Structure formats: C-alpha cells, structure tokens
Amino acid sequence: MIHGNGKAQQSPRKRIVVVGGSAAGPKVAARARRLDEQAEIVIIQKAPDLSMASCGYPYYVGGVFDNRNLLLTTPAGVVRDPSFYLKAKGIVARTEAEATSIDRAKKTVTVLDLKTQTQEELAYDKLILATGATPKLPPIPGIRLEGVTTLQSMQDADFLRRVRDEKKTKKAVIVGGGLIGIETCEALHLAGIDITIVELLPQILTFLDWQLAKLVELHIRSKGANVILDNGIAEFLGQDGRLVGVKLANGTELECDLAVVAIGVNPNTQLARDAGLQIGKTGGILVDKFMQTSDPDIYAAGDCVETTNIITGEQAYAPYGDLANLQGRVAGENAVEGDTATFPGTIQTGICKIFDYAAGSTGLSESAARAAFPDGVETVLNASLDKPGFMDGQLLVTKLVVERSGGRILGAQCIGPGDVSKQIAIWAMAIKGNLTVEDMANADLPYAPPFSLAIDHSIATAHIMQNKLTGRMKGISAVEVKRKLDAGEKPFFLDARGPDEYEQARLGIGEHLIPLGALRGRLNELPADKDAEIICFCKISLRGYEAARALMGRGWTNVKVMEGAIAAWPYPREK
Ligand SMILES: Cc1cc2nc3c(=O)[nH]c(=O)nc-3n(C[C@H](O)[C@H](O)[C@H](O)COP(=O)(O)OP(=O)(O)OC[C@H]3O[C@@H](n4cnc5c(N)ncnc54)[C@H](O)[C@@H]3O)c2cc1C
C-alpha cells in the first residue's frame with residue numbers, strides 16, 4: 001500500500017465501509033480510493049440512486065433543465081451508478097441496501113438488501129457514517145394525505161416534477177420559509193402554480209436579519225406569490241384521502257391541492273445512536289476535528305454530524321452540501337491514513353436564489369453577534385450597484401456586522417439581483433482570515449467594468465463601516481426610522497435626490513426634497529435649531545451621506561444617514 005508520505009508499506013488490504021451514498025458518502029469513498037489503491041471500499045446506499053445533486057432538485061422541478069440524469073452525472077456526463085463506481089473507481093456501490101445495525105465489538109455492519117429482503121453482515125476496518133438528514137414532519141393532522149410532500153429525496157423531486165409536467169395542480173402551500181421552501185416556491189411558481197408560503201416566524205429566511213428578509217419577501221410578493229407570516233399549519237384538510245386545503249393556526253382555511261413541508265431537517269442518527277456512539281448537543285453525531293466519532297474506527301460526515309461554529313466556538317448543526325463534501329474528504333483521508341486531515345468547523349455560509357434575487361449570508365447575523373459579543377457589535381447597511389450602470393449594474397444590499405473594538409468582521413448578509421455570491425464569498429474569506437474593516441477598506445480585488453465597480457460593493461461597505469466606527473457618519477436604520485414615526489417623532493427628513501427620481505418613487509414620510517446639488521443654496525429650508533434631528537437619505541445613500549457631511553460641516557449637530565436608503569426601505573411606500 002502506498003501511503004501519503006510516499007513510502008511503500010506492507011499491510012493487509014483494508015476494508016472501508018461507507019453508509020450513505022449521496023454527497024458525503026461518495027466523497028469519502030472517492031478520497032479514500034485516491035489515497036489507497038488497494039483498499040476494499042464499499043458504499044451502502046439505501047436510496048435507488050447514487051450521488052444525487054439534491055441542491056439541483058428545485059431547478060429540475062422548476063424546468064430549468066429536463067434531463068433527470070443531469071442530477072446524477074459527472075462533469076463528463078457519465079451517470080454515477082454502481083457500474084460507474086466499480087469501473088471508474090474500483091468502489092462497490094450497493095443501492096437499495098440499508099445498514100440496519102453496527103456491532104462495534106465485532107466491527108461489522110448488518111446490511112439489509114431492500115430488493116430481496118436478505119440480510120448479511122459486512123466486516124469493516126473503518127466505517128464511515130454519511131446517513132444525511134430527514135425532513136422534519138410535525139405531527140399535524142392530515143400530514144399523510146396524498147398531495148403532502150417534502151423535497152428531500154430524488155423521489156420527492158420526481159413527484160414534484162410530475163406535478164409540474166401534468167399541469168393539473170393549481171394551488172400549492174409551502175410550509176416553511178427557509179432555504180428549501182423558498183427555492184421550492186420559485187420552482188412551482190415557474191410551473192404556473194399559485195403559491196402561498198406559510199411561515200411560523202415573523203420573517204422568512206432566518207439566516208438574514210429582519211430587514212433584509214423583508215426585502216426578499218417583498219420581491220417574492222412582487223412576483224405574485226403570497227407570504228403568510230406568524231402563522232402555522234393546524235391541519236391538512238383532505239377529501240377521499242387527498243389534500244384539498246390547509247387550516248392555519250388562526251383558523252384561516254386555504255384551498256390547495258399540493259403542500260410541500262420544508263421546515264428543516266433532523267440529522268439521521270438512528271444507526272449511530274443504536275450503536276452507542278456519542279450524539280452532540282444539537283442532535284448530530286459528535287465528531288472531532290478529524291471527523292472521528294466516539295469510536296476511533298468510525299468516522300461520520302455530512303448532514304448527520306454536528307460541527308463547530310468557528311466564530312463562537314459553540315456546537316452547530318449545518319446541513320449544507322459544500323460542508324458535506326469537505327467533511328467527506330477529511331473523513332476519507334483519515335480512514336486511510338490515520339488522523340492527518342482536519343475539518344475546523346463552519347462559519348455558516350449559505351446562499352439561495354429566489355426569482356431575480358439571491359440571498360446569502362456568512363458568519364453571524366446581528367442578533368447572533370449581539371448574543372455572542374454583548375457590548376461590542378456595530379452594523380452597517382449598504383445599498384449600491386455591483387457593476388457600473390453602463391454595464392447593467394444590479395442592486396446589492398449588504399449588511400455588515402463587526403466587532404466594535406478592533407473592527408473584526410463577524411458576519412455579512414447580502415441580497416438583491418446583483419452578484420450576491422461574490423460578495424458573500426469575499427466576506428466568508430474575510431471572516432475565516434480574521435480580517436478587520438481596516439483590511440477590507442484597502443482590499444485589492446479584481447476590477448474591470450464587466451465585473452465590478454472601481455471600488456467594489458464590499459469595499460464600499462467597509463468604507464461606510466469605517467465612517468461609522470470613526471464617528472464621521474451617524475447611521476440610522478429604516479427600522480429605527482419607522483419606530484420614530486410610529487412613536488410620533490418628527491425628525492427633519494432630507495431626501496437628497498433629484499425631482500425626477502422623487503416623482504418616480506417616494507417614501508411619503510414627510511420628507512423634504514432638496515437635491516444634493518441645490519443643498520448649499522437652500523440651507524434656509526433646514527431647521528434653524530442646529531441640534532434638531534435631521535435624517536438624510538437618497539436612493540442608495542451616497543448623496544444622503546454627502547448631504548449629511550455638508551450639514552455637519554455647517555454646524556448641524558444631530559445629522560444622521562438612513563442606511564440603505566430607499567433601496568432598503570422594507571415598508572410600504574407612497575410611490
Ligand atoms: C432541495 C434541496 C436543496 C438544497 N440546496 C442546497 C444548496 O443550494 N446549497 C447547500 O449547501 N446545500 C443544499 N442542500 C443541502 C445538501 O443537499 C445536503 O447538505 C447534502 O445533500 C448532505 O449530504 P449527505 O451526504 O450528508 O446527506 P444526504 O444527501 O441526505 O444523503 C444521505 C444518504 O444516506 C442514505 N442513507 C441514510 N441512512 C442509511 C442507511 N441506514 N443505510 C444506507 N443508506 C442510508 C440515504 O438514502 C441518503 O441518500 C439542499 C438540500 C435539498 C434537499
């Protein structure tokens with residue numbers, strides 16, 4: 001056997017058994033094979049398919065592509081079936097085979113062949129659990145009715161794709177406004193189905209703070225889908241065993257012939273629990289940085305494990321496809337070479353697409369950051385284009401969260417039709433590298449008009465944060481502005497845009513239109529009391545900031561800038 005150090009060693013042929021054959025499992029097996037040509041590697045997979053790109057299900061359901069096999073193929077177009085695994089990788093992959101128990105003392109796994117119902121014991125030297133997750137299914141009356149489904153397995157995707165193709169379904173309810181619920185909403189809406197999302201919490205997409213989530217919600221509504229918040233499903237209503245509607249907790253009844261339950265997933269840990277392996281605080285299998293369980297001969301990876309949040313040091317459950325692959329790679333290496341590779345944990349980076357918007361986040365949200373760093377968090381909201389207007393630049397709204405002392409980046413969220421993925425990737429690496437606002441303020445990022453502004457949106461966000469941290473800018477969020485309005489306060493609102501823009505869109509909060517270019521000649525229209533509260537804004541807040549600086553330079557002492565301005569206003573507008 002050739003080990004990673006290049007030395008040839010005489011050792012018996014090792015048997016590596018991998019339970020689970022979707023994302024993490026095949027990654028474990030492939031990595032193990034690349035490091036050990038001699039090992040016997042067996043994948044035990046309960047589902048009929050292997051290596052399913054589950055993250056692609058919503059796009060198959062929505063008709064972005066029609067060939068189901070594309071969910072299962074290599075980049076070269078070969079379907080990853082048992083024959084592919086055997087021929088291309090020398091890996092035995094057994095589908096429709098379920099690992100039903102582990103005997104740790106004997107180092108065997110019991111495998112049930114689901115086609116023949118025969119059982120056998122398979123010995124292992126190293127066992128890797130990659131059993132994934134199962135969707136949460138609350139015990140709501142009627143949940144077993146025909147027409148109630150999840151979108152977790154390939155069979156679910158097949159079912160929903162049939163629903164799309166048959167064009168008989170008219171109304172659907174999506175239960176849960178998380179990542180999968182939102183992606184399913186778009187997929188079924190593209191199929192011409194009337195959609196209502198029902199979410200128990202006061203907002204969708206809880207990886208975002210409220211304001212950004214609200215902006216995404218407004219975008220969803222603008223496409224004709226309905227969103228009901230602060231409400232749960234009390235009952236699925238049926239007729240002759242088929243779903244005909246849902247009853248909400250507040251008594252409202254909605255007609256529908258399809259319901260997709262997407263309220264999150266639970267780590268699939270039964271096998272591990274039965275074998276006496278340690279389970280973590282969040283319910284996932286407990287593993288160390290080597291992806292090793294409490295049994296040194298058993299590793300685990302993917303949605304079935306618990307990991308560590310690198311920023312807080314707390315245990316976290318992070319069921320993401322990228323992490324499943326990264327963890328699988330580490331577990332595969334360690335199963336072959338001993339504990340050499342490590343997986344340090346997660347910063348909870350995620351992204352999803354919803355119609356013309358993307359929504360992503362990395363690190364801590366404001367609420368999570370305030371809980372972890374009670375006295376020392378600052379936030380800023382920036383709205384601007386991703387590219388110049390002449391290159392069809394699209395809006396991005398970013399919220400940045402930093403530690404007030406020292407300016408360490410703790411989290412970032414970004415939404416909009418612009419290139420959200422790039423922004424989140426930049427901030428993810430800033431967080432992993434322990435970078436500060438100061439580092440980001442002079443980041444040397446690639447620039448040409450087709451790709452970004454000369455000062456990239458991320459860098460501009462860091463600049464605004466710098467201005468806030470140094471006291472050059474006093475920011476106020478739209479949420480605080482609304483609170484003031486609701487409390488009957490009457491700050492002087494200065495809208496620094498041009499008259500044309502004012503005619504096209506306006507908040508209607510009693511604002512005074514004084515275009516930035518005219519401001520210095522119209523100072524007499526501002527409050528005579530130099531301590532009066534003045535809140536400046538424009539479309540995205542650059543002109544609002546410049547207006548604020550001009551007023552501060554002329555003696556007004558209580559001037560604020562509404563962060564994100566009209567572009568990030570999450571409430572109804574006059575126009
Ligand atoms: C619709 C959808 C969209 C998603 N989109 C994204 C996205 O955009 N980005 C992202 O990062 N993540 C996304 N995810 C999450 C991502 O798909 C998962 O994190 C990833 O698939 C986890 O991989 P896994 O191998 O750990 O588990 P799974 O993919 O759940 O695979 C586990 C496999 O183990 C098998 N198994 C279970 N128990 C046994 C047993 N006892 N014996 C044998 N086999 C067993 C199951 O049959 C299953 O196929 C999405 C998930 C879904 C469902």
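Atoms within a ligand are numbered from 1 in the order they appear, just like the ligands themselves. Keep in mind that what you see is a predicted model, and the values were worked out from it rather than measured.
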**Prompt:** So with a 6.0 Å cut-off around NZ of K432, is the heavy-atom count from everything else above 12?
**Reply:** no
**Request:** Would you mind checking which non-hydrogen protein atom is closest to atom 44 (N) of ligand 1, with the distance to 0.1 Å?
**Result:** K46 N, 3.0 Å
**Asked** Taking the minimum heavy-atom distance to atom 42 (N) of ligand 1, which of A99, G56, S51 ranks first?
**Response** A99
**Item:** Any N or O of L271 closer than 3.5 Å to N or O of ligand 1
**Value:** no
**Fill in**
Closest to atom 23 (O) of ligand 1 among protein heavy atoms sits A23 CB, 3.3 Å
**Nitrogen or oxygen of E98 less than 3.5 angstrom from that of ligand 1** = no
**Request:** State whether the side chain of D125 and the backbone N or O of I16 hold a donor-acceptor pair below 3.5 Å, judged by distance alone.
**Result:** no
**Request:** Identify, for atom 31 (O) of ligand 1, the protein heavy atom at the shortest distance, and state residue, atom and that distance.
**Result:** S22 CB, 3.1 Å
**Message:** Is there a polar contact between ligand 1 and P58, counting only N or O atoms under 3.5 Å apart?
**Reply:** no
**Request:** Taking ring-ring contact (aromatic ring centres under 6.0 Å, His included) as the test, write out the residues that go with F65, two or more places apart.
**Result:** Y60
**Request:** Check whether any N or O atom of D303, backbone or side chain, sits under 3.5 Å from an N or O atom of ligand 1, and answer yes or no.
**Result:** yes
**Item:** Which of the ligand 1 atoms, numbered from 1, are nearer than 4.0 Å to a heavy atom of G302
**Value:** 26 (O)
**Prompt:** Can you tell me if N334 uses its side chain to pair, donor with acceptor, with the backbone of T340 under 3.5 Å?
**Reply:** yes
**Prompt:** Please state which protein non-hydrogen atom is closest to atom 12 (N) of ligand 1 and give its distance, to 0.1 Å?
**Reply:** G321 N, 3.0 Å
**Message:** Walk me through whether Y320 and T349 qualify under side chain to side chain donor-acceptor pair (under 3.5 Å).
**Reply:** CA-CA 9 Å; Y320 289 109; T349 306; over 6 Å; no
**Prompt:** Can you find a pair of side-chain heavy atoms, one from L137 and one from T150, that are under 4.5 Å apart?
**Reply:** yes
**Message:** Parallel, tilted or perpendicular: which one describes the rings of Y357 and H219, with boundaries at 30° and 60°?
**Reply:** parallel
**Nearest-neighbour protein heavy atom for atom 25 (O) of ligand 1, which is reported as residue plus atom name and distance** = A24 N, 2.8 Å
**Prompt:** Quick check: does any side chain N or O of T110 sit under 3.5 Å from a backbone N or O of E121, one acting as donor and the other as acceptor?
**Reply:** no
**Prompt:** Between T95, I180, I351, which one has a non-hydrogen atom sitting closest to atom 52 (C) of ligand 1?
**Reply:** I180
**Item:** A213 to Q203 - nearest heavy-atom pair and separation
**Value:** CB-NE2, 3.5 Å
**Item:** Atom indices of ligand 1, in the order listed, that fall short of 4.0 Å to a heavy atom of Y320
**Value:** 11 (O), 12 (N), 19 (O)
**Request:** Determine whether any heavy atom of A97 lies closer than 4.0 Å to an atom of ligand 1.
**Result:** yes
**NZ/K353: more than 12 non-hydrogen atoms of other groups inside 6.0 Å** = yes
**Asked** Where does P319 meet ligand 1, judged by heavy-atom distances below 4.0 Å: at the side chain, the backbone, both, or neither?
**Response** backbone
**Short N or O distance, A324 and ligand 1, threshold 3.5 Å exclusive** = no
**Asked** Where the side chain of R161 meets the backbone of V61, is there a donor-acceptor pair that is under 3.5 Å apart?
**Response** no
**Message:** Taking CZ in R329 as the centre, count heavy atoms belonging to other residues, nucleotides or ligands within less than 6.0 Å. Is the count above 12?
**Reply:** no
**Request:** Would you mind telling me if ligand 1 is within reach of the side chain of N268, the backbone, both or neither, using heavy atoms under 4.0 Å?
**Result:** side chain
**Request:** Check M52 against ligand 1 and report side chain, backbone, both or neither, counting heavy atoms closer than 4.0 Å.
**Result:** side chain
**Request:** Check whether more than 12 heavy atoms from other residues, nucleotides or ligands sit under 6.0 Å from atom NZ of K115, and answer yes or no.
**Result:** yes
**Complete:** For atom 37 (C) of ligand 1, the closest protein heavy atom turns out to be T131 O, 3.3 Å
**Asked** When you look at NZ of K171, are more than 12 heavy atoms from neighbouring residues, nucleotides or ligands closer to it than 6.0 Å?
**Response** no
**Asked** Which atoms of ligand 1 are found less than 4.0 Å from any heavy atom of V19?
**Response** 40 (C), 42 (N), 43 (C)
**Request:** Go through ligand 1 atom by atom and flag the ones less than 4.0 Å from a non-hydrogen atom of A133.
**Result:** 30 (O)
**Complete:** Within the 4.0 Å heavy-atom cut-off, what D322 brings close to ligand 1 is both
**Message:** With respect to Q152, determine whether any N or O atom, backbone or side chain, lies less than 3.5 Å from an N or O atom of ligand 1.
**Reply:** no
**Fill in**
Exactly one candidate in D456, T398, T362 meets side-chain hydrogen bond (donor to acceptor under 3.5 Å, both in side chains) with Q423; the answer is D456
**Asked** For ligand 1, which atoms sit closer than 4.0 Å to a heavy atom of A47?
**Response** 47 (O)
**Prompt:** Which of the numbered atoms in ligand 1 are below 4.0 angstrom from a heavy atom of L151?
**Reply:** 1 (C), 53 (C)
**Prompt:** To the nearest 0.1 Å, how far is atom 21 (O) of ligand 1 from its closest protein heavy atom, and which atom is that?
**Reply:** S54 OG, 3.3 Å
**Asked** Is it true that a side-chain atom of H189 and a backbone atom of G224 form a donor plus acceptor pair closer than 3.5 Å?
**Response** no
**Prompt:** Nearest to atom 46 (C) of ligand 1, what protein heavy atom do you find, and at what distance?
**Reply:** Q45 OE1, 3.6 Å
**Request:** Could you name the option among A130, C55, S153 that has the heavy atom nearest to atom 14 (N) of ligand 1?
**Result:** C55
**Item:** Proximal candidate to atom 27 (O) of ligand 1 [heavy atom criterion; set G132, A187, G20, G350]
**Value:** G132
**Item:** Heavy-atom donor-acceptor pair, N268 side chain to T131 backbone, under 3.5 Å
**Value:** yes
